[in-house]
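Notes for the one structure printed next.
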Amino acid sequence: MTAIRLYNTRTRSKEAFEPFDARNVRMYVCGPTVYDRAHLGNARPVVVFDTLFRLLRHVYGEDHVKYVRNFTDVDDKINATALARQEAGAPGTLEDLIHQRTEETIGWYHADMDALGALRPTKEPRATEYIGAMVAMIEGLIERGHAYEVAGHVLFDVRSYPEYGRLSGRSVDDMIAGARVEVAPYKRDPMDFVLWKPSDASLPGWESPWGRGRPGWHIECSAMSYELLGASFDIHGGGIDLAFPHHENEVAQSCCAHPGSDFARVWMHNEMLLVEGKKMSKSLGNFFTVRELLEQGYPGEVIRFVMLSTHYRKPMDWTAEKAREAEGVLRHWRALTADAEPTGPDAELVEALADDLNGAGAMARLHALAKAIASNPQKDCFYEKGVFLASARLLGLLDEGMGGWAEGVDLSALAGKLADLRTAAMASKDFAPVDALKSALIAAGVEVRMSKAGVELVPGAGFDPAKLEGL
RNA sequence: GGCGGGUUGGCGGAGAGGUUACGCAGCGGAUUGCAAAUCCGUGAAGACCGGUUCGAUUCCGGUACCCGCCUCCA
């Protein structure tokens, strides 16, 4: 069996991955808050952990890996959108409007992530479906002396959990010393965080032992991972910006609610996506959505390729230049494997992937495999092509259904015309008409390939069918 | 202020204490009416200063610069 090694944030080192149960490998990844279109930064963990999911399925078997990614559908930004719609005269109760907003956002999210070639997780629970489990967990925390009720809120008592801060490598005292936020006066300790908060009539709420209210942000992941994966599971993933406070708080809640459990054994965090050297984030407003990129003509497969080219633990700059390179390589690879049937993935590629998800290493291996095929034009390389295709697909590339962007438009009429002109020019030695048509085609983004065998026209980067009119 | 990460050739981007990463671009060649595409070949690196070592871009220490978290965030 392939030995997988993963970098564990908790121990700050790369470790051999050993699942609790090889027949039931379990991974939880923090999903989106569904109040708006996903931006490109949101897509990075999706691609990273999708790749890990694919690797785990390859190694342990498709039916032996469970991947849970939540939808956070309780959030003040969702409420604000719904409230704004209601004030603008939209029909229905606030709850209806909230539901509408989360439903449409989840639909967008699925469409956008599907376009990136991400497999749907095994389970995609919504926070609102697990309110009962959250309330139960909070009650347990109060009983065990790890949480307290004050001013309609329930707060987690960080001083009751000596390990608090271990995951993110900070101490409670240091954090208080450098605190930048105003502390609510009712907190016993400035670092205590909210498990439950009251809702007034204008906000969605659920009945609870502490009155009508709604859960704090962190408790949902603890409750849902417990319900779906158990008290101890294998991998917990998310963006590095979630390490503190979100994941730190999850650890505290879960370990205190289920003493003796490990919660997540391996913690994995992807680095941030950058734009102009700065983190793409909501607060900076420097983000663009996946949908915008797709509409600009960047195929999802190209976006995925670019994401895989940088190691997940390094910051990644999205640039048009990288997308251009990726598109060229993918066109080449698709042409190379047009007649191939996938067999099994290359062992070296799997090894690269198994070494803490070395996407760049896996890509380098694909280049090597492609070169071996290309430099053997005498043979049909049926077997090699099958391995290559299966390897690419392990990375979620060259999948059927993703390649629509690379498929040709019917340019055979123009190709025929160009071929005729050339034949005539060969005799007359006047190549001007040929060159004129060729230039026009190139201007329209068409790649013109003329050889002894004939004329081939292929839509290239920046192909614009409108410019072909009149040719 | 506290904590964490980074600095590799023109650009992007990996691994490994000693032997070619890889890709793009460039250059040379094959091919072409000319090109394109394709194939073959090729130069080029490790922020700075010390230390360990027979040998460091790779390990250790320091300096500089950049970035992230500590506030919603992937």
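The sequence lines fix the lettering, A, B, ..., with proteins before strands; numbering per chain opens at 1.
Comparing the same atom, C1', in B:G55 and in B:U63 gives a spacing of 25 Å after rounding to whole Å. Taking atom P in both B:A45 and B:C40, one finds a spacing of 24 Å when rounded to whole Å. Taking atom C1' in both B:C66 and B:A47, the straight-line distance is 11 Å, to the nearest Å. Taking the C1' atoms as reference points, B:C11 lies 37 Å from B:C54, given to the whole Å. B:G15 and B:U7 have their P atoms separated by 10 Å, given to the nearest Å. The gap from the P atom of B:G12 to that of B:U71 amounts to 33 Å, rounded to the nearest Å. The P atoms of B:U31 and B:A36 are separated by 15 Å, rounded to the nearest whole Å. B:C3 and B:G13: their C1' atoms are spaced 28 Å apart (whole Å).
The shortest distance between the side-chain N/O atoms of A:K77 and the OP1/OP2 oxygens of B:C72 is not below 4.0 Å. In this structure, A:K371 does not reach the B:C22 phosphate: none of its side-chain N or O atoms is under 4.0 Å from OP1 or OP2. For A:T310 and B:G13, the shortest distance from a side-chain N or O to OP1 or OP2 is below 4.0 Å. For A:K322, a side-chain nitrogen or oxygen approaches OP1 or OP2 of B:G13 to under 4.0 Å. Of the side-chain N and O atoms in A:H332, one or more sit less than 4.0 angstrom from OP1 or OP2 of B:C39. Under 4.0 angstrom from either OP1 or OP2 of B:C67 there lies no side-chain N or O belonging to A:K314.
A:L167 places its CG atom 16 Å from the P atom of B:C69, with the value rounded to the nearest Å. Rounded to an integer number of Å, the gap from A:R10 CZ to B:G4 C1' is 18 Å. One can place CZ of A:R331 at 18 Å from P of B:A36, the figure rounded to the nearest angstrom. The nearest whole Å value for the distance from the CG atom in A:N270 to the P atom in B:G5 is 16 Å. Nucleotide B:G15 holds its C1' atom 12 Å from the CD atom of A:E348, rounded to whole Å. We find that CZ of A:F388 is positioned 13 Å from C1' of B:C22, with the value rounded to whole Å. As rounded to whole Å, 12 Å separates atom P of B:U7 from atom NE2 of A:H311. A straight line from NZ of A:K438 to C1' of B:A37 spans 12 Å, rounded to a whole angstrom.
Between A:F71 and A:Y109, the two ring planes are perpendicular [angle over 60°; tilted spans 30° to 60°].
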Table please: side-chain donor-acceptor pairs of residues 28-35 of chain A below 3.5 Å, with sequence neighbours left out.
from  : atom 1 : to     : atom 2 : distance (Å)
A:Y28 : OH     : A:N70  : OD1    : 3.3
A:Y35 : OH     : A:K282 : NZ     : 3.4

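When each of A:D75 and A:M363 is assigned the nucleotide of RNA chain B with its nearest heavy atom, A:M363 is the one assigned upstream, toward the 5' end. Residue-to-nucleotide proximity on RNA chain B shows that, of A:R313 and A:A368, the 5′-proximal contact is made by A:R313.
Between the base of B:G33 and the side chain of A:D435 there is a donor-acceptor pair shorter than 3.5 Å.
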Residue pair A:H153, A:Y186: steps toward the ring-ring contact (aromatic ring centres under 6.0 Å, His included) verdict: CA-CA 9 Å; A:H153 292 68; A:Y186 48 77; 4.9 Å; yes

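Checked against a 6.0 Å centroid threshold, the rings of A:H247 and A:W267 count as neighbours. Ring pair A:F388/A:W333: centre-to-centre distance below 6.0 Å.
Annotation: cation-pi pair A:R159/A:Y164 absent, no NZ/CZ under 6.0 Å from the ring centroid and within 45° of its normal.
Comparing B:C22, B:G68, B:C24 against the side chain of A:K279 picks out B:G68 as the nearest. The side chain of A:N358 sits closest to B:A14 out of B:C24, B:C69, B:A14. Closest to the side chain of A:M272, from the set B:G33, B:C39, B:A74, is B:A74.
For A:E301, the salt bridge (charged side-chain N to carboxylate O under 4.0 Å, His left out) partners are A:R334, not counting sequence neighbours.
At a threshold of 4.0 angstrom between heavy atoms, the contacts of A:G277 are confined to the sugar-phosphate backbone, with no base atom among them. The residue A:S168 sits close only to the backbone: its heavy atoms come under 4.0 Å of sugar-phosphate atoms, none of a base.
One N or O on the side chain of A:D73 and one on the backbone of A:T128 form a donor-acceptor pair closer than 3.5 Å. With hydrogens and angles ignored, the 3.5 Å screen pairs a side-chain donor or acceptor of A:R54 with a backbone N or O of A:R393.
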Dot-bracket notation for RNA chain B, counting Watson-Crick and G-U pairs under 3.5 Å, with | for partners on another strand: (((((((..(((.....[...))).(((((.......)))))....(((((..]....))))))))))))....

